[in-house]
Amino acid sequence: MYKSTSSLLRATRSKLSSSSRTFAYSHSRTSPSVTANAASSSRAFTSSAARAFTRWSHRLDFSSPISLRAHARALAPLLQRFQRSLASMASENPFKGNLTSLPKPGGGEFGKFYSLPSLNDPRVDKLPYSIRILLESAIRNCDNFQVKKEDVEKIIDWENTSPKQVEIPFKPARVLLQDFTGVPAVVDLACMRDAMNKLGSDSNKINPLVPVDLVIDHSVQVDVARSENAVQANMELEFQRNKERFAFLKWGSTAFRNMLVVPPGSGIVHQVNLEYLGRVVFNNEGILYPDSVVGTDSHTTMIDGLGVAGWGVGGIEAEAAMLGQPMSMVLPGVVGFKLSGKLRNGVTATDLVLTVTQMLRKHGVVGKFVEFYGDGMGELSLADRATIANMSPEYGATMGFFPVDHVTLQYLKLTGRSDETVAMIESYLRANNMFVDYNEPQQDRVYSSYLELNLSDVEPCISGPKRPHDRVPLKDMKADWKSCLDNKVGFKGFAIPKEAQGKVAKFNFHGQPAELRHGSVVIAAITSCTNTSNPSVMLGAGLVAKKAHELGLKVKPWVKTSLAPGSGVVTKYLLQSGLQKPLNEQGFHIVGFGCTTCIGNSGDLDESVASAISENDIVAAAVLSGNRNFEGRVHPLTRANYLASPPLVVAYALAGTVDIDFEKEPIGKGKDGKDVYLRDIWPSTEEIAQAVQSSVLPDMFRSTYESITKGNPMWNQLQVSTDKLYSWDPSSTYIHEPPYFKNMTMESPGAHGVKDAYCLLNFGDSITTDHISPAGSIHKESPAAKYLMERGVDRKDFNSYGSRRGNDEIMARGTFANIRLVNKLLNGEVGPKTVHIPTGEKLYVFDAAMRYRNAGQDTIVLAGAEYGSGSSRDWAAKGPMLLGVKAVIAKSFERIHRSNLVGMGIIPLCFKSGQDAETLGLTGHERYTIDLPSKISEIRPGQDVTVTTDNGKSFTCTVRFDTEVELAYFDNGGILPYVIRNLIKQ
């Protein structure tokens with residue numbers, strides 16, 4: 001034990017000076033799971049001390065011993081409390097006897113670890129690798145309080161318990177944020193500090209207890225494209241719009257311990273996570289354990305390709321995890337997906353992921369893990385694996401997991417991880433039976449169900465026009481497009497009359513004659529974490545551009561082309577290969593380092609193009625290398641949006657239309673007057689492999705990430721307060737103190753039903769979080785626009801909804817504000833309005849909700865299947881709560897959104913199988929009463945409840961509180977009040 005703050009100071013200095021890399025493997029960033037279960041009280045105390053001093057490297061002058069001693073003195077009482085509590089808790093881990101030394105090959109030890117083989121239980125050997133990660137976490141964190149020995153047994157007996165939907169706690173090693181979701185998370189944390197203060201408790205209890213990384217990547221918009229100066233111009237506009245948000249996040253990085261903010265212009269969060277932040281194995285104070293992460297972005301699953309267990313959660317759930325709360329989850333089933341064979345020449349990883357997405361969507365994997373295995377694994381690069389893992393939300397799985405093998409280790413070395421670190425990772429995973437060696441005989445593992453794909457069966461394809469899993473083989477695209485024009489309005493239809501399908505909209509584009517037809521491509525974007533992290537498809541796009549340029553093909557100037565890499569490494573290998581120049585010649589200049597088009601930050605279309613589309617009702621198309629193409633997401637004027645590989649994005653930009661059969665029709669005429677077909681410009685697999693081998697080098701990763709936390713001049717010039725409590729500015733339109741805790745007391749509000757509620761909205765199937773809480777542009781006539789204009793904000797400065805998520809006033813007005821919203825109460829009319837039932841008036845949804853709320857009337861929402869699918873977005877639950885919505889009755893819910901609704905105190909209810917609003921004859925004009933007990937002890941997870949209407953109808957629903965912990969959240973009015981009350985009681 002440390003006897004004084006001076007000895008603690010010496011130990012901390014020693015630890016800091018021995019850290020060879022402050023951030024990437026940041027062993028100084030600790031997890032509370034280590035402290036609770038260390039082998040001895042000494043090690044436990046050391047670890048808690050380390051936690052208290054986490055992230056000093058980002059905030060203190062190490063040359064100043066006075067500064068260090070002052071912090072040590074201030075933290076001494078905290079450390080003494082930890083010392084007392086840990087002295088009693090450290091011996092409580094019933095698995096302390098399983099703590100095993102991991103020797104280094106040359107002598108000494110890497111550290112100690114909780115050994116799965118030492119359990120001597122044959123059931124463990126049959127477990128999927130993804131479940132072994134849950135098991136190790138439970139053993140390491142077992143204190144018979146937050147994690148009990150019975151929980152460990154449930155996981156070991158996974159084969160028998162997973163079909164029974166049993167509940168387990170899980171404590172992730174770290175939390176990942178991006179700025180759209182990170183700003184509201186930091187706002188909530190700041191607001192929780194205020195609430196703690198008002199309730200007479202210690203506001204410093206609100207501090208992340210696990211490492212938190214926040215990457216600013218969602219704010220850059222494609223305002224400037226087709227320009228050598230696009231990156232600088234877009235970044236300047238990004239800072240002009242978001243200076244207040246960025247300053248707030250910079251304040252958060254100093255006000256909260258254990259939080260690092262990666263500045264704008266660094267890359268896309270998931271690519272940075274893959275190439276840099278991912279540890280694979282943590283080593284904290286000599287305790288080794290697998291990296292695991294939850295993120296406030298649904299595509300956090302990309303890290304699964306690296307063998308790190310990670311998935312998306314709601315912002316409010318992530319905030320609880322930051323504060324040391326175990327996540328309650330249902331022990332998932334695991335689908336075993338066997339891969340064999342190899343991809344054919346010219347077939348891309350994007351073609352593969354779209355095929356896998358369609359297969360898994362059809363199989364049904366919601367709430368499950370998918371684990372990939374088989375001989376075909378050796379044919380997939382790690383970037384290919386990450387592409388498949390990335391789209392887990394699109395096929396509905398919690399994870400798409402690739403266990404660590406030799407391919408993983410090669411990638412870690414390629415991306416600049418040290419040899420010593422890679423050796424430690426391999427040694428630990430082999431010793432703990434978490435490493436797959438395909439050179440050795442494979443022991444059969446048990447899975448809940450099985451799928452198989454021969455990679456040679458994959459063919460070139462795209463997906464669309466409105467959903468990621470609507471895959472279209474490239475050879476069928478022209479016919480599919482024609483049927484989409486014919487079909488009635490829906491996921492595969494636009495209902496364009498036959499006589500109007502050949503319409504040509506002629507216009508003048510900056511003095512040049514131009515024309516658009518149905519299917520004309522107006523946006524072609526190489527964008528998104530899904531593909532920009534994969535060198536093979538990025539260099540493939542460059543080769544297509546190069547071959548096209550050499551043959552004399554050129555993209556029409558009215559197509560808005562853009563290239564937004566996920567990290568600076570992409571720029572380096574495109575320059576190294578000489579392929580950035582031909583991309584520029586086709587208009588694919590780099591526009592920024594962030595998500596851009598994939599999340600709707602497409603920027604405006606040229607006015608002449610926008611007018612031609614609007615005035616002629618043209619079904620214009622966007623083709624993007626993204627993962628989401630829901631209607632209204634990419635751009636308000638592109639009704640058809642197709643997901644495609646980066647090389648195909650270039651090809652469609654050259655063709656200028658999606659109405660083309662690439663096998664039979666030419667893309668255009670070359671400089672010699674001859675027809676040029678796709679096959680003439682398509683690179684072979686061998687050409688791409690040669691480009692990757694010669695152009696993607698380890699030094700590129702090292703140099704990029706050595707400078708990543710240094711920021712840029714615009715970021716570094718931001719001045720922020722050093723106060724630990726945030727000074728709210730009531731005039732701010734970006735950061736506003738939310739009302740969640742204003743009247744909070746230590747007494748929980750208790751359970752409640754719903755009485756005589758009106759239906760605010762009546763939806764069909766597949767209502768996404770983009771419909772509920774759009775991230776894109778703020779429409780000029782919307783309630784949010786009115787609010788901003790009343791406060792003197794010019795329309796050009798509206799920015800996006802996503803950028804204003806730190807302001808509840810705007811986000812409440814932006815709830816259900818999607819211009820493509822289809823609400824059955826409007827009888828076919830599309831838009832962000834509804835009917836105020838008592839008066840029959842048609843109003844904006846926000847205005848109708850306020851009228852109900854001011855009259856003291858509750859509201860509910862009716863919905864179909866897959867309600868809340870798409871991005872994990874806590875505002876899709878916060879917004880409805882602020883509008884006064886008390887319950888959502890749907891056929892089914894997307895996993896993260898359902899938990900978000902619970903976290904905000906909204907009751908999720910499911911119709912019984914075979915029933916929905918239509919079969920029950922519900923129009924939405926009724927008033928609804930939900931008969932839920934007022935005592936939480938009388939409610940069980942998943943129980944049936946009766947819903948009655950004022951016109952005599954009665955039906956039974958399943959209440960979707962899935963765990964006992966979720967019932968506790970509901971009893972407290974939501975997860976954040978629950979956490980505050982618990983922290984105060986502690």
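None of the values given here were measured: they were computed from a predicted structure.
No donor-acceptor distance shorter than 3.5 angstrom exists from the side chain of T300 to the backbone of G310, with no hydrogens or angles considered. Checking side-chain atoms of D125 against main-chain N and O of P117 turns up no donor-acceptor pair under 3.5 Å. Between the side chain of D291 and the main chain of F282, no donor-acceptor pair closer than 3.5 Å is present. Between the E866 side chain and the S869 main chain, no donor and acceptor come within less than 3.5 Å of each other. Using a distance-only test at 3.5 Å, with no hydrogens or angles considered, no donor-acceptor pair links the side chain of E136 to the main chain of I139. Side-chain atoms of E92 do not come within 3.5 Å of backbone N or O of N144 as any donor-acceptor pair. A donor-acceptor pair is defined here as one N or O able to donate and one able to accept, closer than 3.5 Å; no such pair exists between the side chain of S427 and the backbone of M424.
Two residues are said to be in side-chain contact when any heavy atoms from C-beta on lie closer than 4.5 Å; F893 and L901 meet this criterion. The side-chain heavy atoms of N283 and T421, taken from C-beta on, include no pair separated by under 4.5 Å. Annotation: side chain of S392 is not in contact with side chain of V370 (no heavy-atom distance under 4.5 Å). Side-chain contact between I155 and L331: present, with at least one pair of heavy atoms (C-beta onward) separated by less than 4.5 Å. Under the 4.5 Å side-chain criterion, counting only non-hydrogen atoms from C-beta, D297 is not in contact with L176. In this structure, the side chains of S201 and L983 stay at 4.5 Å or more apart for every pair of heavy atoms. Under the 4.5 Å side-chain criterion, counting only non-hydrogen atoms from C-beta, T963 is not in contact with M329. Put simply, the side chain of W158 reaches to within 4.5 Å of the side chain of V334, judged on heavy atoms.
Side-chain contact check for D405 and T408: at least one donor-acceptor pair (N or O, by modelled atom type) lies under 3.5 Å. A donor atom on one side chain and an acceptor atom on the other are not found under 3.5 Å apart for N390 and H270. Between the side chains of K171 and Q146, at least one donor N or O sits under 3.5 Å from an acceptor N or O. Side-chain contact of R981 with N972: a donor-acceptor pair under 3.5 Å is present, judged by distance alone. Side-chain contact annotation: N284 with R279, donor-acceptor N/O pair under 3.5 Å absent.
Contact record, M327 with A321: CG-CB, 4.3 Å, taken as the closest heavy-atom pair. Nearest heavy-atom pair across M881 and I906 is N-CD1, 3.6 Å. Closest of all the heavy-atom pairs between M434 and P290 is SD-CG, 3.8 Å. Considering every non-hydrogen atom in both F741 and C191, the closest pair reads CD1-SG, 3.5 Å. Nearest approach of F401 to A309, heavy atoms of both residues: CE1-N, 3.9 Å. Closest of all the heavy-atom pairs between P172 and S292 is CA-OG, 3.5 Å.
When the shell of 6.0 Å around CD of E938 is examined, it contains more than 12 heavy atoms from other residues, nucleotides or ligands. Within a 6.0 Å radius of CZ in R430, other residues, nucleotides and ligands contribute more than 12 heavy atoms.
Residue D874 holds its CG atom at 7.5 Å from CZ of R805, rounded to the nearest 0.5 Å. In this structure, the separation between CG on N900 and CZ on R895 is 10.0 Å, given to the nearest 0.5 Å. The distance from the CD1 atom of I980 to the CD1 atom of I206 is 6.0 Å, given to the nearest 0.5 Å. For the atom pair CZ (R257) and CG (N207), the distance works out to 4.0 Å, reported to the nearest 0.5 Å. Atoms CG and CG, from L116 and L135 in turn, are 5.0 Å apart once rounded to the nearest 0.5 Å. Atom SG of residue C529 and atom CG of residue N273 lie 10.5 Å apart, to the nearest 0.5 angstrom.
Between R898 and E966, at least one side-chain nitrogen of the basic residue sits less than 4.0 Å from a carboxylate oxygen of the acidic one, meeting the salt-bridge criterion. Salt bridge status for R123 with E153: present, with a side-chain N to carboxylate O gap under 4.0 Å. Using a 4.0 Å cut-off between charged side-chain N and carboxylate O, K148 and D151 make no salt bridge.
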Going through the checks in order, is the side chain to side chain contact (heavy atoms under 4.5 Å, CB included) test met by T296 and L177? CA-CA 5 Å; T296 55; L177 310 172; 3.3 Å; yes

Show your reasoning for whether side chain to side chain contact (heavy atoms under 4.5 Å, CB included) applies to F180 and R873. CA-CA 9 Å; F180 269 19; R873 193 164 292 174; over 6 Å; no

Please evaluate residues E394 and H299 with respect to the criterion side-chain hydrogen bond (donor to acceptor under 3.5 Å, both in side chains), reporting the C-alpha separation (whole Å), side-chain torsions for both, the decisive distance (0.1 Å), and the verdict. CA-CA 9 Å; E394 281 66 48; H299 293 103; 3.0 Å; yes

Would you check, one step at a time, whether the test side chain to side chain contact (heavy atoms under 4.5 Å, CB included) holds for I303 with L277? CA-CA 10 Å; I303 200 67; L277 296 173; over 6 Å; no

What verdict does the side chain to side chain contact (heavy atoms under 4.5 Å, CB included) test give for N432 and R132, after you've listed the backbone C-alpha separation in whole Å, the side-chain angles of each residue and the deciding distance to 0.1 Å? CA-CA 9 Å; N432 223 7; R132 295 181 197 189; over 6 Å; no

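In this view, E964 satisfies the salt bridge (Lys or Arg N to Asp or Glu O under 4.0 Å) rule with no residue, not counting sequence neighbours. In terms of the ring pair (Phe, Tyr, Trp, His ring centres under 6.0 Å) criterion, H363 has no residue partners (sequence neighbours excluded). Residues passing the ring pair (Phe, Tyr, Trp, His ring centres under 6.0 Å) test with W311 are F170, F369, sequence neighbours excluded. Partners of Y395 under the ring pair (Phe, Tyr, Trp, His ring centres under 6.0 Å) rule, at least two apart in sequence or in another chain, do not exist in this structure. By the ring pair (Phe, Tyr, Trp, His ring centres under 6.0 Å) test, F113 pairs with Y428, sequence neighbours left out.
Using cut-offs of 30° and 60° on the angle between ring planes, the pair Y740 and W875 is tilted. The aromatic rings of Y373 and Y447 lie parallel to each other, with less than 30° between the two planes, well short of the 60° mark.
For residues 179-190, the pairs satisfying salt bridge (Lys or Arg N to Asp or Glu O under 4.0 Å) are D179-R245, D188-K878, with sequence neighbours left out.
Cation-pi contact between R140 and Y289: present, with separation from the ring centre below 6.0 Å and deviation from the ring axis of at most 45°.
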